There are 2 protein chains.
Amino acid sequence: MDSMGIMVRKQTAADQALRLDNQICFAVYSTAHAFNRVYKPLLDRLGLTYPQYLVMLALWERDDVAVKDLGERLFLDSGTLTPLLKRLEAAELIRRTRSTEDERVVLIALTPQGHALREKAKAVPQSILAASDCTVGELLAMKDEIVALRDRLNAALGE
Amino acid sequence: MDSMGIMVRKQTAADQALRLDNQICFAVYSTAHAFNRVYKPLLDRLGLTYPQYLVMLALWERDDVAVKDLGERLFLDSGTLTPLLKRLEAAELIRRTRSTEDERVVLIALTPQGHALREKAKAVPQSILAASDCTVGELLAMKDEIVALRDRLNAALGE
DNA sequence: CACAGTTATATTGTGCACAATGTAAAATAT
DNA sequence: ATATTTTACATTGTGCACAATATAACTGTG
């Protein structure tokens, strides 16, 4: 209580930590959504959603991979990937085939249209760069910091 | 073609930019998911999802606000907030009442249980800090960078 | 070989996230 | 004052994201 008899709460460190603006996770969360909104009109032209675009990026680098491999690279599980991949298959960008060596495995391969889409996608990164209003160097430095944080968080999960 | 007659693709800047590992947006996206997974067990004890926790953080700072105000602070629209708020109301953490001054407005107020939950939530930030394996200073510096990026992306959307 | 345990993918259910649309109330224009 | 526009919220439909569970295929051990 102060001299007027009114309760004055002491601002503890715990109180400060609960402020929305102090949360790095909210910064990351809201930035992810902002990216999503910037990507949307660009990816609409390719007929892709943002997670589908990430899958295509992964496949353009390496093809004929198991769902599990994709999941590890993108940090996604089969509950997310299975329906997403079925939609990409319906769009005829990929093919899903059971491995003959190990029938548990479903291999994901690009169709010719899937390969071809890469050319149209080349214009995307520079549009994002422009929207970010940063230099490539700044973005790469930030990326490295964020990835380091992500890897520490994932490491903490494994313990 | 090289001297062996095999196609050797020139690695252009556009090719590099399409590499998954070079995408800052994937770094942000995957870090948001990593945060979500770290928060999950902590928030389970509070009976909250991560977006619900963000709403509660906002309400603990300021109460009796319109859905629109919450949406602007959290960058979310009514399509996301309306069902989320109904779940918080069902959990008796908040109350939703139409404003008498402007009947379009729905005001969100904390219940006593909603206020009380704040005490249990005080333990959350330090657990996250521990999982991040960073100092407070490092995290705050990163947060400021990420928020600056988010604000630039959002500004680009407005144009 | 049998069988217990593991692995890869699929399915189900819940909860965001957002575009598009609807509705009623308020503000503004004519 | 009536008509038009804007605003706040709700609803619907699509697509993640993930926990929990199911299923079939593989692996290792006795």
Side-chain angles (χ1 to χ4, degrees), chain A residues 25-26 29-41 43-44 47-56 65-91 94 96-108 154 157, chain B residues 25-26 29-41 43-44 46-56 65-72 74-91 94 96-108 154 157:
Chain A
C25 59
F26 175 59
Y29 165 90
S30 53
T31 305
H33 291 325
F35 265 121
N36 223 317
R37 285 188 281 263
V38 171
Y39 269 102
K40 180 111 191 9
L43 296 183
D44 278 350
L48 296 174
T49 65
Y50 180 66
Q52 289 169 5
Y53 173 67
L54 290 181
V55 167
M56 294 302 287
V65 292
V67 173
K68 184 182 193 297
D69 290 341
L70 274 178
E72 282 170 1
R73 289 167 74 191
L74 300 171
F75 305 96
L76 296 173
D77 68 3
S78 71
T80 301
L81 285 176
T82 296
L84 186 155
L85 291 169
K86 285 182 175 175
R87 281 186 283 269
L88 288 180
E89 188 181 38
I94 65 165
R96 299 160 64 247
T97 51
R98 288 263 162 204
S99 166
T100 50
E101 294 158 28
D102 184 341
E103 296 220 341
R104 293 170 303 181
V105 171
V106 170
L107 293 172
I108 308 299
N154 282 332
L157 280 172
Chain B
C25 60
F26 175 59
Y29 166 90
S30 53
T31 305
H33 291 326
F35 265 121
N36 223 317
R37 286 189 280 263
V38 171
Y39 268 101
K40 181 110 189 12
L43 296 182
D44 278 349
L46 306 183
L48 295 175
T49 65
Y50 180 66
Q52 289 169 6
Y53 173 67
L54 290 181
V55 168
M56 294 302 287
V65 291
V67 173
K68 182 182 194 300
D69 289 341
L70 274 177
E72 281 171 2
L74 299 171
F75 305 96
L76 296 173
D77 67 4
S78 71
T80 301
L81 284 175
T82 296
L84 186 156
L85 292 169
K86 283 183 177 175
R87 282 186 282 270
L88 288 180
E89 187 181 38
I94 66 164
R96 299 160 64 247
T97 51
R98 288 259 163 209
S99 166
T100 50
E101 294 158 28
D102 184 341
E103 296 220 341
R104 293 170 303 180
V105 171
V106 169
L107 293 172
I108 307 298
N154 281 332
L157 279 172

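Since we're looking at a predicted model, the values are computed, not measured. Side chains included, hydrogens not; waters and symmetry mates left out as well; all remaining heavy atoms used. Quick note on labels: first sequence line is chain A, next is B, and so on, each numbered from 1.
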To the side chain of [X], which of [options] is closest?
{"X": "A:K86", "options": "C:dA10, D:dC18, D:dA10", "answer": "C:dA10"}
{"X": "B:Q52", "options": "C:dA10, C:dG15, D:dC16", "answer": "C:dG15"}
{"X": "A:L76", "options": "D:dA17, D:dA8, C:dA17", "answer": "D:dA17"}
{"X": "A:V106", "options": "C:dA10, C:dA17, D:dC18", "answer": "C:dA10"}
{"X": "B:P51", "options": "D:dC9, C:dA17, D:dA17", "answer": "C:dA17"}
{"X": "A:H33", "options": "D:dG15, C:dA10, C:dC18", "answer": "C:dC18"}
{"X": "A:S78", "options": "D:dC16, C:dC16, C:dT9", "answer": "C:dT9"}
{"X": "B:K40", "options": "C:dC16, C:dA19, D:dA19", "answer": "D:dA19"}

Kindly give the atom pairs (protein nitrogen or oxygen, nucleotide nitrogen or oxygen) under 3.5 Å for nucleotides 25-27 of chain D.
unit_1, atom_1, unit_2, atom_2, d
D:dC26, OP1, A:E103, N, 2.7

Presence of A:R98 side-chain N/O under 4.0 Å of C:dA8 phosphate oxygens OP1/OP2: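 The answer is no; no side-chain N or O of A:R98 sits under 4.0 Å from OP1 or OP2.
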
Sugar-phosphate, base or nothing in reach of B:L81, heavy atoms under 4.0 Å: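 B:L81: no heavy atom of the nucleic acid under 4.0 Å.
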
Sugar-phosphate only, base, or nothing, as touched by B:T49 at under 4.0 Å among non-hydrogen atoms: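 The answer is sugar-phosphate, as B:T49 gets under 4.0 Å only of primed atoms, P, OP1 or OP2.
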
Terminal axes of the helix from C:dC1-D:dG30 to C:dT30-D:dA1 (five pairs each): angle between them, nearest 10 degrees: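 The two end axes of the helix from C:dC1-D:dG30 to C:dT30-D:dA1 meet at 10°.
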
With sequence neighbours excluded, residues passing ring-ring contact (aromatic ring centres under 6.0 Å, His included) with B:Y29: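 Listed in chain order: A:Y50, B:H33.
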
